[in-house]
A.B. asks: 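I have a structure here, written as structure tokens, and I will follow up with some questions on it.
Remember, predicted model here, so these are calculated numbers, not experimental data.
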Amino acid sequence: MPIVQFFLTDVQYRIIGGKAIIYLYGRATDGEQICVTDAHFEPYFYVLPKKGKESSLRAELEKLQVKDESGTFSVVRVDDVSKRLREHEINVFKVVTNLPSAVPVIRESIKGWDSVDAAYEYDIKYVRRYLLDRKLTPLVLTEANVEPTQEKSKVPVLSAKSIRQVSEETLRNPRILAVDIETYNPKGKLINPKEYPIVMLGLYGEDFQKVVSWKQFPSEPFVEHVPSEADVLLRFVELVEQVKPDILVSYNGDGFDLPYIRTRADKYKLRLPVGLDYTDLKIQGTANKTAQMAGVAHVDIFRFIRRVIGRSMKTDTFTLDEVSKELLGTQKVAVPLDRLADDWDNHPENLHQFAVYNVHDARLTNDLIVKLWPNIVELVKIVGLPLWDVSRMSFSQLVEWFVIKQAADFNEIVLNKPNYAEQMERMGKRFKGAFVFEPTPGLYKDIVVFDYKSLYPSIIASHNISIGTLNCQCCQGIKRVPLETANLWFCTKRKGFISTIIADLIERRNRIKDILKKEEKKDPLLSARSESLKLLANAFYGYLGFAQARWYSFECGESVTAYGRDYITQVIEKAQKIGFKVLYSDTDSIFLLLDSRSKNDALTFIDEINKHLPGVMELDYENYYPRGIFVALKSGTEGAKKRYALIDEKGNLKIRGFETVRRNTSPIAKKVQKTVLEIVLKEGDAEKAVAFLRQKVDELRKHITNMEEVTIHTVLQKEVSEYESVGPHVAAAQRMANRGTPIGAGTHIRYVVTKGKGPIRDRVHLPDEITKDDYDPEYYIENQVIPGVERIFAVLGFKKEDLVQEKTQSTLGSFL
DNA sequence: CAGGGGCGGGG
DNA sequence: GTGTACGCCCCTG
């Protein structure tokens, strides 16, 4: 029997002859795209019988059959199995059904039976169940003994007799095709797939780039002109088949491109058989759409970036432009997109620039997934689910599926999701959070920062925090959690499930870090694995307190923060005892003032602390900062981010909690804030910072400041008529409308506030209606620039009145 | 201050 | 399809 080796890229199942068949799509080691089918996996779930009712329940189950218009659902077999439930031995029935869809039906029909105590694992999707039970990890080299079949498909279909994972080798260079569409939008940003056509469809992959458009215009050869929009859609299907990608990648393709393609195809009653089995492009969901095609993993890289990478990125807007700048160091090409519709209708000679823009976006999308591929592969390996699923999961889902995957090795039953009422109850309870030492606002010198390495994960591992070790019989009264409000302890004899898998995560990561330390040229896959393990470990604590978690535990969550508070306050007390002044502390970090002490004293102190820490707990030296500024919080905003800015010895600024990048702020305000911080921290010269501020204020009053600097940008969120209150941006939109500019939801609004009396909305003008002499300096000084720096100067002993004088009639700079 | 509602990305 | 929606921010009662 022939043997094939392949990397699993997508998994589906189909019902054939009343039986579920698993379809494993992948890239064979010879480079061919193939499909391996497995007909030998039975759907099942677990039932816990009531004590004493075992045999009657078994008899009832064995003959259970439910018929409805969609088919017959029946129990095929009932097996006795011993499992563990919340870390304790238990006997349950494994109820095997005829179809995957029979699982929820059968479970539903036994819900009220008095012989049934509980049902488990009835909501684990068949394909996921298959991968986890068979221990097959997507993207990892897999081997199968196969027989060829004649099944109609775009790729050879091979029927597997046996299948197994043979090594840790992963798919390094998947074939990728990126897709991006441009649409006809006469009304600014308003998107309307029912009415407005796709004008161009761009594709990009290695050695492949193409734009398909249904209008003739002068262009380069990568643009293909077809007679109609329907032909664009058909060409899309053909080109995907021609390129045979493992992955179709998009930027917000779930939410935009693919549903748009689907809607346009439906309008023409076209099928879109992009699936390798000729099935249609499938769009699911309404609010949160997803797009799927059999055999080709559609990755919406925007979703992955926002959910998984986003937290560790600098940007907080996830536009393709911003994300590309940060991750790739390149950006989108600038084209006047708001002219596309008009050019499409009236000036085809201008259209080529949009084709260039189109294919460039596809290229960026391609480059993003290539760049992030190591991270994606590692998450897929850790979580063990298909690429399509993993790339769409939130953090809590990734943690949960990692736990579910581990559950098999511990013979643990997967706990059920909480119902709505349970979720509500969980949400109503809050446990005490982290310890925060409020800083005294001020400018400080010689700051050292320590932090606990992965504080919460190491607490969970070191203190054996787990659902099944909580308040065990055997350890009553010993090693209590440092908590006033409850009497909690965790077993010191038996290892817990959650604590063990987290300890394992930490250990795996430490091993990788050791290897990385020795490597001169860091293996990007290993670095990515280390990052992924860290991300996952850090997400565990949040998961324990997440209302929708299967392994939710209020007591575990509150124990983690209780230990956390205990560890950090111990460091604070010890530091104070030997004479360090504590400046600030939050959760796992502590900021100390060196005063007369040296950096070496700080290192000695850390060593001393580490000698007495249990398990994998470790206090780290984070950095030394020659200067730092701590600013008072806005009154009444408790829980708002702490505001501070530090500068290290290399001159790098570390700014936290200053809202430097707010949309409806003028560039001048952002710039002044940033520069003031730089002067204060780099040079420690408050007077110079004041002088800088005064100079900028002077420039505003003298109208030297550029118009661009005082132009405020926002985006219209709805139609102008729908606004109840006329804010400045709405007033600006009305002005645009009055002069005939098409506006609507999504239109970018740029406006300047000008001199005059009355509310701001009456003083709003569009930049090209006025000159530099018209903007209102006092508005920009009072409402934009000063608020951004007021608190910084307050720390330095300057009141608002000291900074700038009120406006006078003097024509000279009046504040010197 | 809680809870509802809208939005993100995309042209 | 082992069905059906996330999480944050803003506004209002």
Side-chain angles (χ1 to χ4, degrees), chain A residues 12-15 20 41-46 70-71 73 95-108 119-130 179-193 196-200 250-261 282 284-290 292 300-307 310-311 316-323 332 335-341 344 354 357-358 361 365 392-397 414 417 424 427-428 546-548 636 638 715 717-718 722 724-725 744-748:
Chain A
Q12 305 286 333
Y13 85 94
R14 298 174 83 175
I15 305 298
F41 187 71
E42 297 175 305
Y44 68 90
F45 69 113
Y46 296 115
S70 59
F73 307 100
V95 179
V96 179
T97 64
N98 64 332
L99 291 168
S101 55
V103 168
V105 175
I106 299 288
R107 183 257 167 171
E108 196 59 37
Y120 293 99
E121 306 201 8
Y122 47 80
D123 60 352
I124 313 262
K125 285 185 194 145
Y126 184 61
V127 161
R128 295 182 177 186
R129 160 108 292 160
Y130 172 84
V179 62
D180 179 51
I181 59 168
E182 305 305 323
T183 63
Y184 181 80
N185 279 66
K187 286 192 186 172
K189 249 196 115 159
L190 189 74
I191 280 161
N192 187 347
Y196 301 137
I198 293 168
V199 295
M200 292 174 192
S250 64
Y251 201 85
N252 197 25
D254 270 354
F256 178 70
D257 301 74
L258 293 161
Y260 210 114
I261 288 172
K282 194 164 67 183
Q284 286 162 286
T286 48
N288 232 354
K289 292 193 183 80
T290 59
Q292 203 169 12
D300 182 341
I301 198 68
F302 155 70
R303 297 222 166 169
F304 180 74
I305 289 170
R306 202 187 44 178
R307 302 177 108 132
R311 269 176 56 95
D316 52 10
T317 48
F318 293 95
T319 58
L320 179 57
D321 198 40
E322 286 298 326
V323 167
K332 292 177 52 133
V335 292
L337 252 194
D338 47 3
R339 288 227 295 273
L340 171 57
W344 181 261
F354 297 108
Y357 168 86
N358 187 198
D361 275 9
T365 306
R392 284 169 180 73
M393 289 175 128
S394 65
F395 256 104
S396 48
Q397 286 174 300
V414 174
K417 283 186 201 158
M424 288 303 118
M427 285 202 268
F546 173 53
Q548 293 167 40
E638 211 188 323
V715 175
Q717 295 301 331
K718 45 189 179 183
E722 291 166 31
E724 288 187 18
S725 53
T747 307
H748 282 261

A.B. asks: Below 4.5 Å, heavy atoms only, C-beta onward: do Tyr46(A) and Val95(A) meet side chain to side chain?
C.D. replies: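 When only atoms from C-beta onward are counted, Val95(A) and Tyr46(A) do not touch, as no gap falls below 4.5 Å.
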
A.B. asks: Using a cut-off of under 3.5 Å, enumerate the N/O to N/O pairs linking the protein to nucleotides 5-10 of chain C.
C.D. replies:
unit_1: dA5(C); atom_1: N6; unit_2: Thr286(A); atom_2: OG1; d: 2.5
unit_1: dA5(C); atom_1: N1; unit_2: Thr286(A); atom_2: N; d: 3.3

A.B. asks: Asp300(A) side chain to Asp254(A) main-chain N or O, any donor-acceptor pair under 3.5 Å?
C.D. replies: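 Yes; judged by distance alone, with no hydrogens or angles, the pair exists.
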
A.B. asks: Are any of the side-chain heavy atoms of Val199(A) and Tyr184(A) separated by less than 4.5 Å?
C.D. replies: yes

A.B. asks: Treating Asn252(A) as the side-chain partner and Phe302(A) as the backbone partner, does any N or O pair qualify as donor plus acceptor under 3.5 Å?
C.D. replies: no

A.B. asks: Please report, rounded to the nearest Å, how far the C1' atom of dG9(B) is from the CG atom of Asp180(A).
C.D. replies: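 Atom-to-atom, Asp180(A) to dG9(B), this comes out as 12 Å.
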
A.B. asks: Once you apply a heavy-atom cut-off of 4.0 Å, does Phe318(A) come out as touching a base, just sugar-phosphate, or nothing?
C.D. replies: sugar-phosphate

A.B. asks: Are Tyr260(A) and Ile198(A) packed together at the side-chain level, in the sense that at least one heavy-atom pair is separated by less than 4.5 angstrom?
C.D. replies: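 Counting from C-beta outward, Tyr260(A) and Ile198(A) do come under 4.5 Å.
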
A.B. asks: Give me the distances for all protein-to-nucleotides 1-5 of chain B N/O pairs that come in under 3.5 Å?
C.D. replies:
none

A.B. asks: Would you classify Pro104(A) as touching base, sugar-phosphate or nothing, given that sugar-phosphate means primed atoms plus P, OP1 and OP2, and contacts are heavy atoms under 4.0 Å?
C.D. replies: sugar-phosphate

A.B. asks: Classify the nucleic acid contact of Ile181(A) as base, sugar-phosphate or nothing, counting any heavy atom under 4.0 Å across all strands shown.
C.D. replies: sugar-phosphate

A.B. asks: In this structure, how many angstroms lie between the P atom of dG11(B) and the CE atom of Met200(A), rounded?
C.D. replies: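 Distance, rounded to whole Å: 12 Å.
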
A.B. asks: If only side-chain N and O atoms of Lys332(A) are considered, is one of them under 4.0 Å from the OP1 or OP2 phosphate oxygen of dG9(B)?
C.D. replies: no

A.B. asks: Over all strands shown, is Arg129(A) touching base, sugar-phosphate only, or nothing at heavy-atom distances under 4.0 angstrom?
C.D. replies: base

A.B. asks: To the nearest Å, give me how far apart CG (Leu320(A)) and C1' (dG8(B)) are.
C.D. replies: 15 Å

A.B. asks: Over all strands shown, is Asp254(A) touching base, sugar-phosphate only, or nothing at heavy-atom distances under 4.0 angstrom?
C.D. replies: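 Nothing, no heavy atom under 4.0 Å.
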
A.B. asks: Using a 3.5 Å cut-off on both pairing distances, which stems of three or more Watson-Crick or G-U pairs include DNA chain B?
C.D. replies: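 Ordered by first number, the stems with DNA chain B (at least 3 consecutive pairs each) read B:1-8 with C:6-13.
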
A.B. asks: So does Val414(A) get a backbone contact from the side chain of Glu121(A), meaning a donor-acceptor N/O pair under 3.5 Å?
C.D. replies: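 Side chain of Glu121(A) to backbone of Val414(A): a pair is present.
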
A.B. asks: Arg339(A) CZ to dG11(B) P: how many Å, rounded?
C.D. replies: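 That distance rounds to 17 Å.
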
A.B. asks: Rounding to an integer number of Å, can you tell me how far Lys417(A) NZ sits from dT4(C) C1'?
C.D. replies: 11 Å

A.B. asks: What is the distance, rounded to the nearest whole Å, between atom NZ of Lys282(A) and atom P of dG3(C)?
C.D. replies: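 Rounding to the nearest Å, NZ of Lys282(A) and P of dG3(C) are 14 Å apart.
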
A.B. asks: Which whole-number value in Å describes the distance from Gln292(A) CD to dT4(C) C1'?
C.D. replies: 15 Å

A.B. asks: Could you work out the separation of dA5(C) and dC7(B) based on their C1' atoms and round it to a whole Å?
C.D. replies: 14 Å

A.B. asks: Within 45° of the ring axis of Phe318(A) and under 6.0 Å from its six-membered ring centre, is that where the NZ or CZ of Arg306(A) lies?
C.D. replies: no

A.B. asks: So if I take every side-chain heavy atom of Phe256(A) and compare against dT2(C), dG9(B), dG11(B), which nucleotide ends up nearest?
C.D. replies: dG11(B)

A.B. asks: Check for a donor-acceptor pair, side chain of Thr97(A) on one end and backbone N or O of Leu99(A) on the other, with a separation under 3.5 Å.
C.D. replies: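 Between the backbone of Leu99(A) and the side chain of Thr97(A) there is a qualifying donor-acceptor contact (under 3.5 Å).
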
A.B. asks: State, with a plain yes or no, whether a side-chain heavy atom of Met200(A) is found less than 4.5 Å away from one of Asp180(A).
C.D. replies: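 In short, these two side chains do not touch, never coming nearer than 4.5 Å.
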
A.B. asks: Taking the six-membered ring for Trp and the single ring otherwise, decide whether the centroids of Phe41(A) and Tyr13(A) are under 6.0 Å apart.
C.D. replies: no

A.B. asks: How about Glu108(A) and Tyr122(A): do any of their side-chain heavy atoms sit closer than 4.5 Å?
C.D. replies: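 No - every pair of side-chain heavy atoms lies 4.5 Å or more apart.
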
A.B. asks: Applying a 4.0 Å non-hydrogen cut-off, can you work out what Asp123(A) is touching in the nucleic acid: base, sugar-phosphate, or nothing?
C.D. replies: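 Base contact.
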
A.B. asks: Students often get this wrong, so: under 4.0 angstrom with heavy atoms, is Tyr44(A) touching a base, only sugar-phosphate, or nothing?
C.D. replies: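 Base: the residue Tyr44(A), judged by heavy atoms under 4.0 Å, touches a nucleobase.
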
A.B. asks: Measuring only the C1' atom in each nucleotide, how far is dG7(C) from dG9(B)? A whole number of Å is fine.
C.D. replies: 15 Å

A.B. asks: Taking the side chain as everything from C-beta on, heavy atoms only, tell me whether Arg392(A) gets closer than 4.5 Å to Phe304(A).
C.D. replies: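 No, too far: nothing below the 4.5 Å cut-off.
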
A.B. asks: Ignoring backbone atoms, establish whether Tyr130(A) has a side-chain N or O less than 4.0 Å from OP1 or OP2 of dT2(C).
C.D. replies: no

A.B. asks: If you check every side-chain atom of Tyr251(A), which of dT2(C), dG9(B), dG11(B) has the closest atom?
C.D. replies: dG9(B)

A.B. asks: Across the strands shown, which category fits Asp361(A) at heavy-atom distances under 4.0 angstrom: base, sugar-phosphate, nothing?
C.D. replies: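 Sugar-phosphate, no base atom in range.
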
A.B. asks: Checking all strands, does Leu99(A) fall into the base, sugar-phosphate, or nothing category for heavy-atom contacts under 4.0 angstrom?
C.D. replies: nothing

A.B. asks: Answer with yes or no whether the side chains of Thr319(A) and Glu322(A) bring together a donor and an acceptor at under 3.5 Å.
C.D. replies: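 Result is no, nothing qualifies.
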
A.B. asks: Check the distance between dG3(C)'s C1' and Glu108(A)'s CD and give it to me in whole angstrom.
C.D. replies: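 Atom-to-atom, Glu108(A) to dG3(C), this comes out as 12 Å.
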
